[in-house]
Amino acid sequence: MQLKKHISILFAGRGGQGVLTASLITARAFFSSGYDVKKSDIKGIARRGGRVLSTLIAGEKIYNPKVTLETADIVVLLSKDHYFTFSDSTVSVAPTDEEVEKYRRNVNVFCLGKLSILLDIPLKNWQEAIQERFGNDTAQFNLRVFYEGKKAVEFMQYHR
């Protein structure tokens with residue numbers, strides 16, 4: 001997805017699913033690519049599995065950082081038990097039931113791989129953001145999961 005004046009992304013899920021981590025990695029990747037980035041988190045009762053929302057807007061210069069379901073260009077859904085109504089022009093990124101089962105604790109990074117196909121962010125900036133967030137211990141594993149998400153979308157696009 002080519003950046004227009006700006007692009008807005010809403011990440012949604014439940015506490016413990018890595019919503020905030022996914023948003024942070026994406027913000028870092030945008031920032032490393034030279035974009036102005038504004039991010040906001042709504043945690044609520046996240047520690048008890050409650051709703052977690054994180055919004056991000058990136059562009060040349062961001063003056064109004066407000067992102068809503070109605071204005072989001074992309075919605076990344078990590079939990080199916082949230083039902084949202086958003087614009088017809090909004091693109092949604094979500095894991096399938098099989099992907100949730102397979103990637104469990106890393107489904108957020110898997111979805112970032114899917115999201116990366118839509119954004120004009122160099123791959124090296126995604127890699128650096130993931131490595132920065134996870135450090136050496138789990139960075140390599142998370143990078144493999146990221147690439148698997150990317151490949152899943154590329155496979156679907158190729159087989160249309």
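All values reported here derive from a predicted model rather than from experimental measurement.
- The hydrophobic clustering, which links ILVMFWY residues whose side-chain heavy atoms are closer than 4.5 Å, places Val67 and Val91 apart.
- In this structure, the separation between CZ on Arg133 and OG1 on Thr21 is 4.0 Å, given to the nearest 0.5 Å.
- The closest side-chain heavy-atom distance from Leu53 to Leu10 is below 4.5 Å.
- Ser33 and Asn125 are linked by a side-chain donor-acceptor pair at a separation below 3.5 angstrom, with hydrogens and angles left out of the test.
- When all heavy atoms are compared, the tightest approach of Arg14 to Val52 is C-CG2, 3.9 Å.
- Note on residues 122-146: pairs passing ring-ring contact (aromatic ring centres under 6.0 Å, His included), not counting sequence neighbours, are Trp126-Phe146.
- Atom OG of Ser92 and atom CD1 of Ile74 lie 10.0 Å apart (nearest 0.5 Å).
- No donor-acceptor pair closer than 3.5 Å links the side chain of Asp36 to the backbone N or O of Glu60.
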side-chain contact (heavy atoms from CB on, under 4.5 Å) assessment of Asp73 paired with Ile9 = CA-CA 6 Å; Asp73 296 308; Ile9 305 171; over 6 Å; no
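- Interatomic distance, Thr138 OG1 to Asn106 CG, rounded to the nearest 0.5 Å: 8.0 Å.
- The ring pair (Phe, Tyr, Trp, His ring centres under 6.0 Å) check on Tyr147 picks up nothing, with sequence neighbours excluded.
- Considering only heavy atoms from C-beta on, Lys150 comes within 4.5 Å of Leu123 through its side chain.
- Evaluation of the side-chain contact (heavy atoms from CB on, under 4.5 Å) rule for Ala27 yields Val37, Lys39, Leu56 as partners, not counting sequence neighbours.
- Ser54 places no side-chain N or O within donor-acceptor distance of the main-chain N or O of Asp41, the cut-off being under 3.5 Å.
- Leu24 and Ile42 fall into different hydrophobic clusters, where Ile, Leu, Val, Met, Phe, Trp and Tyr are joined by side-chain heavy atoms under 4.5 Å apart, directly or via other members.
- Taking the salt bridge (Lys or Arg N to Asp or Glu O under 4.0 Å) definition, one finds that Glu101 meets it with Arg104, sequence neighbours left out.
- Taking 4.5 Å as the limit, some side-chain heavy atom of Phe11 sits within range of a side-chain heavy atom of Thr26.
- Hydrophobic clustering, with ILVMFWY side chains joined whenever heavy atoms are under 4.5 angstrom apart, groups Val76 together with Leu20.
- Residues passing the salt bridge (Lys or Arg N to Asp or Glu O under 4.0 Å) test with Glu132 are Arg28, sequence neighbours excluded.
- Atoms CD and NZ, on Glu148 and Lys114 in that order, are 12.0 Å from each other to the nearest 0.5 Å.
- Heavy atoms only, all atoms of each residue included: Thr55 and Ser23 are closest at O-OG, 4.4 Å.
- Nearest heavy atoms, Gly18 versus Asn108: O-ND2, 3.1 Å.
- A distance of 7.5 Å separates OG1 of Thr71 from NE2 of His6, quoted to the nearest 0.5 Å.
- Minimum heavy-atom separation, Ile25 to Ile130: CG2-CG1, 3.8 Å.
- When every heavy atom of Glu99 is checked against every heavy atom of Ala152, the shortest pair comes out as OE2-CB, 4.2 Å.
- Leu118 has its side chain within reach of Val93: a pair of non-hydrogen atoms, C-beta onward, lies under 4.5 Å apart.
- Nearest heavy-atom pair across Ala22 and Leu112 is O-CD2, 3.7 Å.
- Between Phe110 and Asn142 there is no side-chain heavy-atom pair separated by less than 4.5 Å.
- Inter-residue side-chain proximity for Leu119 and Phe30 is flagged as met; some heavy-atom pair is nearer than 4.5 Å.
- In this structure Lys66 satisfies the salt bridge (Lys or Arg N to Asp or Glu O under 4.0 Å) test with no other residue, sequence neighbours excluded.
- The line from NZ of Lys102 to OG1 of Thr96 is 10.0 Å long, rounded to the nearest 0.5 Å.
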